[in-house]
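First the structure, in the form of structure tokens, and then the observations on it.
In what follows, chains carry the letters A, B, and so on, assigned in the order in which the sequence lines appear, proteins first and then strands, with residues in each chain numbered from 1.
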2 protein chains.
Amino acid sequence: MILAPSRPGIYARGSETVDHILKAALGVLIDEGADAFTLRRIAARCDMKVGNVSYHFPRKEMLIQVMLDEMLESYDKLLEEMVRKPGLVAEERLKLVIILCLDDIQTKRTTHLFTELWALANQSAFVADRVRLFYGKVHEVIGEYVAQVNPALSADEVHSVALFISASMEGSTPFLGHQKPWAHKMPVFTAMAAMSLVHLAKTVTSRDLAGLMTEAA
Amino acid sequence: MILAPSRPGIYARGSETVDHILKAALGVLIDEGADAFTLRRIAARCDMKVGNVSYHFPRKEMLIQVMLDEMLESYDKLLEEMVRKPGLVAEERLKLVIILCLDDIQTKRTTHLFTELWALANQSAFVADRVRLFYGKVHEVIGEYVAQVNPALSADEVHSVALFISASMEGSTPFLGHQKPWAHKMPVFTAMAAMSLVHLAKTVTSRDLAGLMTEAA
DNA sequence: ACGAATATTTGAAGACTGTCCAATATTGTT
DNA sequence: AACAATATTGGACAGTCTTCAAATATTCGT
């Protein structure tokens with residue numbers, strides 16, 4: 001089990017410095033990539049010496065872990081804000097979540113951070129764990145609406161559909177995300193996703209998910 | 001315009017060495033990630049000294065470019081092999097391509113390489129360019145079948161649908177790829193993808209793609 | 001305003017990195 | 001067999017990186 005490291009910074013000044021470091025670290029990762037994610041660049045970004053970063057985060061790994069936790073927490077909040085829309089039925093909510101997610105994917109922040117995260121998860125058990133937990137929540141949110149528009153599905157089937165919807169959206173990141181080759185097609189992509197994925201959620205049957213590969217070729 | 005660097009290695013021995021270096025480099029990227037992608041690790045993997053790698057590839061960037069070109073070329077071949085299946089109508093071919101692509105995504109090689117590539121494309125214009133060219137071909141292959149199952153679509157609309165199909169499949173990589181959290185759900189994911197994406201290709205209309213956000217909220 | 005706790009700077013250690021070069025070994029051709 | 005072209009080794013180089021310890025500066029409760 002991997003636990004969340006507690007955040008350093010006792011005095012008001014130190015606490016602010018920790019804020020600056022974390023913000024700068026995220027900025028470096030977004031703007032310059034994992035390759036440039038060094039203490040020196042992070043320190044330079046908040047006009048500070050390397051030793052000070054090293055003082056507040058004795059190990060670089062700690063900085064990464066705290067930064068990742070805060071970042072994913074902010075996305076959790078974003079996700080919850082999407083949900084809190086009054087006066088909508090499940091199908092409308094599902095459609096709205098799709099639209100808002102694809103909208104967020106277009107930001108530089110999300111496009112860069114999540115592509116980096118998917119790569120880092122290949123090697124780092126910590127990153128892989130946090131990514132898994134985060135998307136688990138995403139699937140829960142989406143699954144809630146899937147279950148409502150298609151009550152016949154079992155809990156596991158609902159999760160499978162939510163997983164497909166989530167993956168379909170995330171897959172747009174490297175291709176239609178911020179400054180990606182087909183970014184200009186995001187509007188039509190969104191229209192297709194909303195239509196196709198909502199239709200899938202409403203019409204898919206246990207039979208569809210059970211039959212599997214029997215008639216593949 | 002970025003050109004493909006020509007491959008060094010004049011004598012038979014040197015040519016073999018270049019092969020080993022390229023294979024080892026790809027192995028390092030797959031097994032240990034971009035962070036461990038150093039000349040020394042690559043050299044160690046093929047029992048050779050750093051200076052020799054440096055001799056065959058005077059700049060590290062050259063090694064990266066040659067490696068990436070050869071790798072994407074191998075995927076091009078794989079893609080063409082998928083296409084050459086006799087006696088199938090367009091819909092069956094589309095379904096088969098989806099199944100084979102998702103099958104390939106489950107390999108460690110593809111799961112790791114493409115997630116790394118998407119991240120590297122954020123910073124490297126060269127990687128971004130090659131990724132764009134590669135997926136351009138993917139869209140062409142898929143688009144060919146989309147156009148056949150849905151002749152009413154314009155060329156641009158066909159590409160949009162192909163882009164959506166491709167992105168939906170690629171999106172499975174970080175979640176259902178090799179040793180990813182929901183890898184065990186790839187069979188049901190494949191069933192859903194084949195059904196849903198083929199249905200989309202057959203039934204989507206110009207109207208669907210033009211209406212856009214008019215009734216979003 | 002004093003003094004302890006905290007923050008920051010400075011400097012340096014030790015381990016990396018990519019690149020380069022001279023010496024040596026191997027290859028292919030004549 | 002001789003000889004030039006190519007390949008390989010081993011080491012040096014100037015950087016960079018993280019980490020650490022000592023010295024200095026700042027903050028906060030008293």
Side-chain angles (χ1 to χ4, degrees), chain A residues 5-29 31-68 116 119-120 123-124 126-127, chain B residues 5-29 31-68 116 119-120 123-124 126-127:
Chain A
S6 67
R7 231 185 95 149
I10 309 291
Y11 282 1
R13 182 171 180 190
S15 191
E16 278 178 30
T17 300
V18 169
D19 278 342
H20 289 148
I21 293 173
L22 289 170
K23 182 174 282 185
L26 208 58
V28 169
L29 190 59
D31 294 335
E32 309 176 50
D35 191 54
F37 192 82
T38 70
L39 297 186
R40 305 186 115 75
R41 271 187 222 243
I42 293 167
R45 201 174 247 251
C46 38
D47 290 312
M48 156 186 329
K49 306 301 171 186
V50 202
N52 203 19
V53 179
S54 197
Y55 164 73
H56 288 287
F57 297 94
R59 322 247 138 241
K60 189 184 179 183
E61 206 181 22
M62 294 182 189
L63 169 55
I64 296 176
Q65 297 186 356
V66 174
M67 186 193 74
L68 183 56
E116 294 288 351
L120 292 175
Q123 306 302 328
S124 160
F126 177 81
V127 174
Chain B
S6 68
R7 232 185 92 147
I10 309 292
Y11 282 2
R13 182 170 180 189
S15 191
E16 279 178 28
T17 300
V18 168
D19 278 342
H20 289 148
I21 293 174
L22 289 169
K23 181 173 284 186
L26 209 57
V28 169
L29 190 58
D31 293 336
E32 309 176 50
D35 192 52
F37 193 82
T38 72
L39 297 186
R40 288 178 162 79
R41 266 188 225 245
I42 293 167
R45 201 175 244 252
C46 39
D47 289 311
M48 143 186 340
K49 305 302 169 185
V50 204
N52 205 17
V53 180
S54 198
Y55 166 74
H56 289 287
F57 298 94
R59 320 251 137 240
K60 190 185 181 184
E61 204 180 24
M62 295 182 188
L63 170 55
I64 296 175
Q65 296 185 359
V66 175
M67 186 194 73
L68 183 55
E116 294 287 351
L120 292 175
Q123 306 302 328
S124 160
F126 177 81
V127 174

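Regarding A:Ile21, its CD1 atom lies at a distance of 13 Å from the P atom of D:dT18, rounded to whole Å. In this structure, the CG atom of B:Asp47 is 14 Å from the C1' atom of D:dT8, given to the nearest Å. Between the OH atom of A:Tyr55 and the C1' atom of D:dT27 there is a distance of 11 Å, given to the nearest Å. In this structure, the CD1 atom of A:Ile42 is 16 Å from the P atom of C:dT8, given to the nearest Å. Atom CG in B:Leu39 sits roughly 6 Å away from atom P in C:dT19 (whole-Å rounding). Remark: P of D:dT16 and CZ of A:Arg41 are 10 Å apart, rounded to the nearest angstrom. The interatomic distance linking B:Asn52 (CG) with C:dG18 (P) rounds to 15 Å, in whole Å. Separating the CG atom of A:Leu63 from the C1' atom of D:dT19 is a distance of 14 Å, rounded to the nearest angstrom.
Heavy-atom neighbours of A:Lys49 NZ from other residues, nucleotides or ligands within 6.0 Å: at or below the threshold of 12. By the 6.0 Å contact criterion, CG on A:Asp31 is enclosed, its count of non-hydrogen atoms from other residues, nucleotides or ligands being greater than 12. The environment of B:Asn52 atom CG is dense: over 12 non-hydrogen atoms of other residues, nucleotides or ligands sit within 6.0 angstrom.
Here A:His56 reaches the OP1 or OP2 of C:dT8: one of its side-chain N or O atoms lies under 4.0 Å away. Phosphate proximity of D:dC28 to A:Tyr11: absent, as no side-chain N or O sits under 4.0 Å from OP1 or OP2. Close to C:dT8, at under 4.0 Å from its OP1 or OP2, lies no side-chain N or O of A:Lys49. Residue B:Arg59 places at least one side-chain N or O closer than 4.0 Å to OP1 or OP2 of C:dC20.
A:Val66 places none of its side-chain heavy atoms less than 4.5 Å from the side chain of A:Val18. A heavy-atom distance below 4.5 Å is found between the side chains of B:Arg45 and B:Glu32.
Closest to the side chain of B:Met48, from the set D:dT19, D:dT9, C:dA7, is D:dT9. Distance from the side chain of B:Lys60 is smallest to C:dG18 among C:dT6, C:dG18, D:dT18. Nearest to the side-chain atoms of A:Thr17 among the listed nucleotides D:dA7, C:dT8, D:dG10 stands C:dT8.
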>> Pair B:Met67, B:Phe37 - check side chain to side chain contact (heavy atoms under 4.5 Å, CB included), show working.
In response: CA-CA 12 Å; B:Met67 186 194 73; B:Phe37 193 82; 3.9 Å; yes
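Looking at which nucleotide of DNA chain C each of A:Val50 and B:Ala36 is closest to, the 5′-most match is held by A:Val50.
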Could you list all N or O pairs between the protein and nucleotides 13-16 of chain C that sit under 3.5 Å apart?
none

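With rounding to the nearest 0.5 angstrom, the CD atom of B:Glu61 is 7.5 Å from the OG atom of B:Ser124.
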